[in-house]
Asks: 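One structure follows; several queries about it will come next.
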Amino acid sequence: MQEVIVGRVEGATVPKLTIEVQACIEKELWPFYRQFGGKPYQPDILQKAAAEIEELCRILEGEGVTVCRPDVVDFSKDYKTPDFEVPSGMYAAMPRDILMVVGNEIIETPMAWRSRFFEYTAYRSLLKEYFKRGAKWTTPPKPQMGEQLYDNSFFKEEYNGKYITTEFEPCFDAADFMRAGKDLFVQRSHVTNMFGIQWMKRHLGDKYNIHVLSFDDKRPMHIDATFTMIGPGLIIANPDKPCHQLSMFEKAGWKIVEVPRSVVSDQPPWWMSSKWLSMNVLMLDPKRVLVSSIEIPTQKMFEKLGIECIKVDMSYANALGGGFHCYTTDVRRRGTLESYF
């Protein structure tokens, strides 16, 4: 890795419990969102999370990686368009959700949560700079996010195998994609619909192959705490959410390793993610990985695979819904475009 964007938690605001948020959040957490939606997260949590992210930036720079940051944006303002209104935004903490880098192209993704509609504003300074340096900058059709994008019958049956997003217009989060050379893998989820996947297929054309994966997952949203590519020929997998298409990887000679269970405690509270963020790691190269300093079983797994662990504490940053992979988008890596399948 040569250059990376690292997100910011400053100004993070609790999203309103709209139906698209509700579908992705554990039911026991709904009262928190009903009470605090539209309000800032606890200042002490944000302060500690921000300190952890600053330390992450320092460590990345110490490993020879150039670190770039989005702008600080006030997400507490009301969001209103002709199609919807919410009392606030959310944050610019997770660039992995909104920015997808494919070759020399940066794609600004059309995410499905209304509270994230204007999140792109925090990254516009960076994107203009990358464009001036030669990058291709693409913005897919911005979703209207009216009632037609969401399935209001979703909650009639608990975990009914349906998705909260319809096929009314394309939407997708970059974190539902992962790439290995010329092949991209994506899951249909609550925030990524087949219309969005089809848009990506047509946009990228014949140079890349897009494969749709599926998992045993009651609340699919983002693939990087379920099925993560560590390097050519190696994947780590969530044992609670097995992949239905493992045979294609096995036929290609890939090794699939199940991740040990997390040892993290319930404090600070986990408002927006599961403890499987233990597998949400960041590979600097095939032999170096950023991993939680708490997750000793995961560290031992990587060490057995011959990978050096760079240990970082992300306990409070995790509480806001992301791990190392979520908080970063790698912009430049060394290597050539190859086909592994």
Side-chain angles (χ1 to χ4, degrees), residues 6-54 56 69-98 111-124 142-147 149-150 152 154-155 164-165 171 173 175 190-191 219 221-222 264-275 277 314-323 326-327:
V6 178
R8 293 187 181 276
V9 300
E10 291 88 346
T13 304
V14 180
K16 181 182 177 182
L17 193 68
T18 49
I19 59 172
E20 73 274 16
V21 175
Q22 194 171 353
C24 301
I25 301 296
E26 294 276 3
K27 195 170 185 177
E28 56 265 30
L29 290 172
W30 292 356
F32 170 81
Y33 287 88
R34 289 193 179 103
Q35 181 179 356
F36 296 106
K39 301 176 183 178
Y41 280 96
Q42 295 173 219
D44 60 325
I45 298 289
L46 286 185
Q47 184 178 9
K48 291 172 181 176
E52 290 173 348
I53 298 304
E54 291 299 324
L56 170 63
R69 310 294 301 280
D71 295 332
V72 176
V73 172
D74 181 5
F75 288 102
S76 65
K77 297 178 181 178
D78 291 353
Y79 279 19
K80 185 176 182 179
T81 78
D83 299 284
F84 73 88
E85 183 174 356
V86 288
S88 72
M90 198 162 116
Y91 51 35
M94 313 294 172
R96 186 71 59 177
D97 299 350
I98 191 170
M111 297 188 291
W113 283 19
R114 294 176 174 117
S115 56
R116 307 190 76 174
F117 187 89
F118 292 105
E119 195 166 315
Y120 68 88
T121 58
Y123 297 94
R124 280 298 171 87
K142 195 74 173 168
Q144 294 170 267
M145 294 185 176
E147 292 300 319
L149 181 57
Y150 309 105
N152 284 299
F154 177 82
F155 295 102
I164 195 65
T165 45
C171 63
D173 281 15
H190 288 315
V191 295
R219 281 177 298 276
M221 179 185 176
H222 301 168
V264 73
S265 70
D266 291 326
Q267 295 296 325
W270 289 63
W271 291 306
M272 204 176 291
S273 55
S274 78
K275 295 180 181 180
L277 282 181
M314 290 278 281
S315 302
Y316 289 91
N318 288 162
L320 298 178
C326 301
Y327 274 97

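Hydrogens, waters and symmetry mates play no part in the numbers below; they use all other heavy atoms, side chains included.
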Asks: Rounded to the nearest 0.5 Å, how far apart are NZ of K39 and OG of S88?
Replies: 11.0 Å
Asks: Are Y41 and Y91 close enough that their ring centers fall under 6.0 Å?
Replies: no
Asks: With a cut-off of 6.0 Å (strictly less than), are more than 12 heavy atoms of other residues, nucleotides or ligands near CD of E54?
Replies: yes
Asks: Tell me the closest heavy-atom pair linking P143 and L149, and the distance in Å.
Replies: CB-CD2, 4.5 Å
Asks: Closest approach of G321 and S273, non-hydrogen atoms and distance?
Replies: CA-OG, 3.7 Å
Asks: Taking the side chain as C-beta and beyond, is there a heavy-atom pair between I164 and F155 under 4.5 Å?
Replies: yes
Asks: Out of curiosity, D83 CG to M145 CE, how far, rounded to the nearest 0.5 Å?
Replies: 10.5 Å
Asks: Please report the closest heavy-atom contact between T165 and A112, naming both atoms and the distance.
Replies: CG2-CB, 3.9 Å
Asks: Report yes if the side chains of D97 and W113 come closer than 4.5 Å at any heavy-atom pair, otherwise no.
Replies: no
Asks: Should M94 and R116 count as side-chain neighbours, where that means a heavy-atom distance under 4.5 Å?
Replies: yes
Asks: Do the side chains of Q42 and D44 get nearer than 4.5 Å, heavy atoms only?
Replies: yes
Asks: How long is the gap from SG on C171 to OH on Y150, to the nearest 0.5 Å?
Replies: 7.5 Å
Asks: Using only atom types and a distance under 3.5 Å, with no angle test, would you say the side chain of Y123 pairs donor to acceptor with the backbone of A92?
Replies: yes
Asks: Can you confirm whether Q22 sits close enough to H190 that some side-chain heavy atom of one is under 4.5 Å from a side-chain heavy atom of the other?
Replies: no
Asks: For residues V9 and A93, report the shortest heavy-atom separation together with the two atoms involved.
Replies: CG1-CB, 4.1 Å
Asks: Quick one: are the ring centres of Y79 and F118 less than 6.0 Å apart?
Replies: yes
Asks: Is there a side-chain contact between M272 and P15 in this structure, where contact means two heavy atoms from C-beta onward sitting under 4.5 Å apart?
Replies: yes
Asks: Would you sort out whether K16 and R114 count as a side chain to side chain contact (heavy atoms under 4.5 Å, CB included), showing the intermediate values?
Replies: CA-CA 9 Å; K16 181 182 177 182; R114 294 176 174 117; over 6 Å; no
Asks: Indicate yes or no: does K142 engage E119 in a salt bridge with an N to O separation below 4.0 Å.
Replies: no
Asks: When rounded to the nearest 0.5 angstrom, what is the spacing between CD1 in I98 and CE in M111?
Replies: 4.0 Å
Asks: Write down the atom of T81, the atom of Q144, and the distance for their closest heavy-atom approach.
Replies: OG1-O, 4.5 Å
Asks: State, with a plain yes or no, whether a side-chain heavy atom of L46 is found less than 4.5 Å away from one of L320.
Replies: yes
Asks: Within a strict 4.5 Å, meaning less than it, do heavy atoms of the I53 and R69 side chains meet?
Replies: yes
Asks: Drop me the distance from F154's CZ to I19's CD1, to the nearest 0.5 angstrom.
Replies: 9.5 Å
Asks: Do you know the tightest heavy-atom contact between A317 and Y327?
Replies: O-OH, 2.7 Å
Asks: Going from OG on S315 to CG on L277, what distance comes out if it is rounded to the nearest 0.5 angstrom?
Replies: 11.0 Å
